Amino acid sequence: MNKIILKGQTSFVPSHIFECGQAFRWKKLDDEAYRFIFRDMVLEARSIDDSIEILGDFSDKNEILNYFDLNTDYDAIKAKLSLNDEILTKAISFGGGMRILKQDPFETYISFIISANNQIKNIKNTIKKLSQMYGKKLNNPFDDEEYYAFPTQLELSNAKPEDIKEYARAGFRSERIVIASKMVQEGIINFDELKEKNIDDIRKTLLEVPGIGEKVFQCILLFGLGRTDSFPVDVWVKRVMEELYYGGEERNKKLIQEDGLRRFGDLSGYAQQYLFYYMRENFKKMKKEEKNVDNK
């Protein structure tokens, strides 16, 4: 088994990275210890004292470092976002170990089609079942638990929606998964070409795919195509913007997205992740405290 040891990382906290809504193929093992699947590898990331350890059977260290976006200066990004913005300063102080993962575009595309109007637990379960049904079995160097690669576009384009619905519990998304995969297999959606286009042209292409609306489109932009000039607005981002930026005034998601892009520019994707994690985790903490009070 190989190991990467990272020292002096001021912007690498496993829980901030894996639990900020950007990825779904991970499992929490312990405080700041996570097992995750990257391409055809089962890996683990652990925070130990002042170091980060990444373990697994990998041959290319740079491939792993690129996945965690280690060539990007997050300290500089955080300093710029914090300038004259007390709200983001608090959010970054809370979740400053976040990094935006360099994920596979096809897997991200399908995963966020599955995510529409769905809960994290269900999203993770559907992706896990899809992988068991159609993906290849992976070598797990840690224990006997079975893991599978995310299916290819060919495998999912040949799948039957009724099978996905029954076994992966994807509901109305089942047919969308197959159609979206066929559009990639047939070349209608080409991620390499999309990366070279402007956002309006990418939007025009991706919104033709069943199951992709503006929020899912923005997520694919950010997490699958690496476009940090994006600002996905879900329930958590809507809530944090309304409560902390607009003084409790309710606004629709389109206006919030436009305002986020205006405020944060090319760093909008990073800002969105810090705000998302800050709002969701503090809400969960508040609910837990309320439950503890009720149980006394």
Side-chain angles (χ1 to χ4, degrees), residues 9-14 16-24 38 63-85 87-109 111-112 115 191-207 212-234 236-238 240-241 244-245 253-280:
Q9 290 292 324
T10 55
S11 300
F12 196 126
V13 177
H16 298 178
I17 293 170
F18 290 108
E19 301 202 39
C20 67
Q22 63 176 321
F24 305 104
F38 168 54
E63 185 180 41
I64 309 302
L65 297 180
N66 181 65
Y67 176 65
F68 283 104
D69 199 22
L70 264 297
N71 292 321
T72 297
D73 187 347
Y74 277 73
D75 288 340
I77 290 168
K78 290 188 286 187
K80 188 172 181 180
L81 286 173
S82 297
L83 194 64
N84 302 320
D85 192 322
I87 297 165
L88 258 179
T89 299
K90 290 180 181 179
I92 289 170
S93 177
F94 182 82
M98 183 277 302
R99 308 187 75 86
I100 295 179
L101 299 170
K102 300 289 189 180
Q103 300 184 67
D104 175 75
F106 177 70
E107 180 175 341
T108 307
Y109 164 82
S111 296
F112 279 95
S115 78
F191 296 110
D192 290 333
E193 291 179 358
L194 288 179
K195 288 179 181 179
E196 303 301 319
K197 294 184 176 183
N198 63 51
I199 284 184
D200 287 338
D201 287 341
I202 300 172
R203 177 185 284 108
K204 183 178 179 181
T205 300
L206 288 181
L207 290 187
I212 296 183
E214 185 63 29
K215 184 257 180 178
V216 170
F217 161 67
Q218 292 285 330
C219 288
I220 295 169
L221 267 184
L222 179 57
F223 305 127
L225 300 178
R227 294 294 299 261
T228 58
D229 52 341
S230 55
F231 195 73
V233 180
D234 70 343
W236 299 110
V237 175
K238 186 176 189 295
V240 73
M241 295 295 286
L244 301 184
Y245 282 94
K253 291 182 178 180
K254 185 176 186 296
L255 291 177
I256 293 172
Q257 179 188 302
E258 291 172 351
D259 184 45
L261 291 169
R262 179 187 59 79
R263 287 175 184 269
F264 310 123
D266 289 346
L267 301 181
S268 294
Y270 302 103
Q272 189 269 359
Q273 284 290 270
Y274 292 125
L275 292 170
F276 171 92
Y277 186 74
Y278 178 69
M279 192 66 188
R280 191 186 66 175

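None of these values were measured; they are calculated from a predicted model.
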Exercise for review: Could you go through the side chain to side chain contact (heavy atoms under 4.5 Å, CB included) check for I202 and L221 one step at a time?
Suggested key: CA-CA 8 Å; I202 300 172; L221 267 184; 3.9 Å; yes
Classify the side-chain pair [X]/[Y] by whether it contains a donor and acceptor separated by less than 3.5 Å.
X	Y	result
T228	D266	no
Y109	D104	no
E107	Q103	no

* Asked: Does I199 reach the side chain of F217, with side-chain heavy atoms less than 4.5 Å apart?
  ->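 The answer is yes, as the side chains (C-beta and beyond) meet within the 4.5 Å cut-off.
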With a 4.5 Å limit on heavy-atom distance, are the side chains of V237 and P232 in contact?
->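 Counting from C-beta outward, V237 and P232 never come under 4.5 Å.
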(request) Walk me through it: do V240 and F276 pass the test side chain to side chain contact (heavy atoms under 4.5 Å, CB included)? (result) CA-CA 8 Å; V240 73; F276 171 92; over 6 Å; no
Can you see which heavy atom on [X] is nearest to which on [Y], and at what distance?
X	Y	result
R99	T72	NH2-O, 3.2 Å
G224	K195	O-CE, 4.4 Å
S11	K78	OG-NZ, 2.8 Å
Y277	G95	CD2-CA, 3.9 Å
S268	G265	OG-O, 2.6 Å
K102	F38	O-CE1, 4.4 Å

Let's go through E193 and T205 carefully: what are the C-alpha distance in whole Å and the side-chain angles of both, what is the deciding distance for side chain to side chain contact (heavy atoms under 4.5 Å, CB included) to 0.1 Å, and is it a yes or a no?
CA-CA 11 Å; E193 291 179 358; T205 300; over 6 Å; no
[atom1]/[X] to [atom2]/[Y] distance, rounded to the nearest 0.5 angstrom?
X	Y	atom1	atom2	value
K90	L88	NZ	CG	12.0 Å
F223	T108	CZ	OG1	9.0 Å
R280	L275	CZ	CG	13.5 Å
L261	I256	CG	CD1	12.0 Å
S115	F24	OG	CZ	5.0 Å
L225	L206	CG	CG	7.0 Å

| request: Step through the shown structure and confirm whether more than 12 heavy atoms of other residues, nucleotides or ligands are within 6.0 Å of CG on N71. | output: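 Count not over threshold, so no.
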Does K80, at its NZ atom, have more than 12 non-hydrogen atoms belonging to other residues, nucleotides or ligands within less than 6.0 Å?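 No, because the 6.0 Å sphere around NZ of K80 holds 12 heavy atoms or fewer from other groups.
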Step through it carefully: locate the ring centre of Y270, locate the ring centre of Y74, and say whether they are under 6.0 Å apart.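 Between Y74 and Y270, which both carry aromatic rings, the centre distance is below 6.0 Å.
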Worksheet item: Given the rule in the salt bridge (Lys or Arg N to Asp or Glu O under 4.0 Å) test, do R263 and D259 qualify, once you have shown the distances and angles that lead to the verdict?
Response: CA-CA 6 Å; R263 287 175 184 269; D259 184 45; 2.7 Å; yes
Can you label the angle between the F68 ring and the F12 ring as parallel, tilted or perpendicular, going by 30° and 60°?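 Ring orientation of F68 relative to F12: tilted.
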Problem set entry | SB check E258 K254 (cutoff 4.0 Å) |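 Salt bridge: yes.
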* To do: Taking only Lys NZ, Arg NE, NH1 and NH2, and the carboxylate oxygens of Asp or Glu, determine whether K204 and D201 approach each other closer than 4.0 Å.
  =>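 Salt bridge: no.
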Taking only residues at least two apart or on different chains, which pairs with a member in residues 221-230 satisfy salt bridge (charged side-chain N to carboxylate O under 4.0 Å, His left out)?
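Sorted pair list: R227-D229.
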- Per the side chain to side chain donor-acceptor pair (under 3.5 Å) rule, which among K238, Q272, E214 passes with Q257?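 Among K238, Q272, E214, the one that satisfies the side chain to side chain donor-acceptor pair (under 3.5 Å) with Q257 is E214.
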*Check for a donor-acceptor pair, side chain of Q22 on one end and backbone N or O of I17 on the other, with a separation under 3.5 Å.*
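Answer holds: yes.
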Next on the checklist: Taking F231's backbone N and O only, do any of them form a donor-acceptor pair with Q218's side chain (distance below 3.5 Å, no angle check)?
Outcome noted: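 Yes.
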Apply ring-ring contact (aromatic ring centres under 6.0 Å, His included) to Y245 and list each qualifying residue two or more places apart in sequence or on a separate chain.
->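 So Y245 forms no ring-ring contact (aromatic ring centres under 6.0 Å, His included) with any residue.
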Quiz item: Under the ring-ring contact (aromatic ring centres under 6.0 Å, His included) test, which residues partner Y278, sequence neighbours left out?
Solution: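 If we apply the ring-ring contact (aromatic ring centres under 6.0 Å, His included) test to Y278, skipping adjacent residues, the hits are F94.
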Evaluation steps, side chain to side chain contact (heavy atoms under 4.5 Å, CB included), between M98 and V13:
CA-CA 6 Å; M98 183 277 302; V13 177; over 6 Å; no
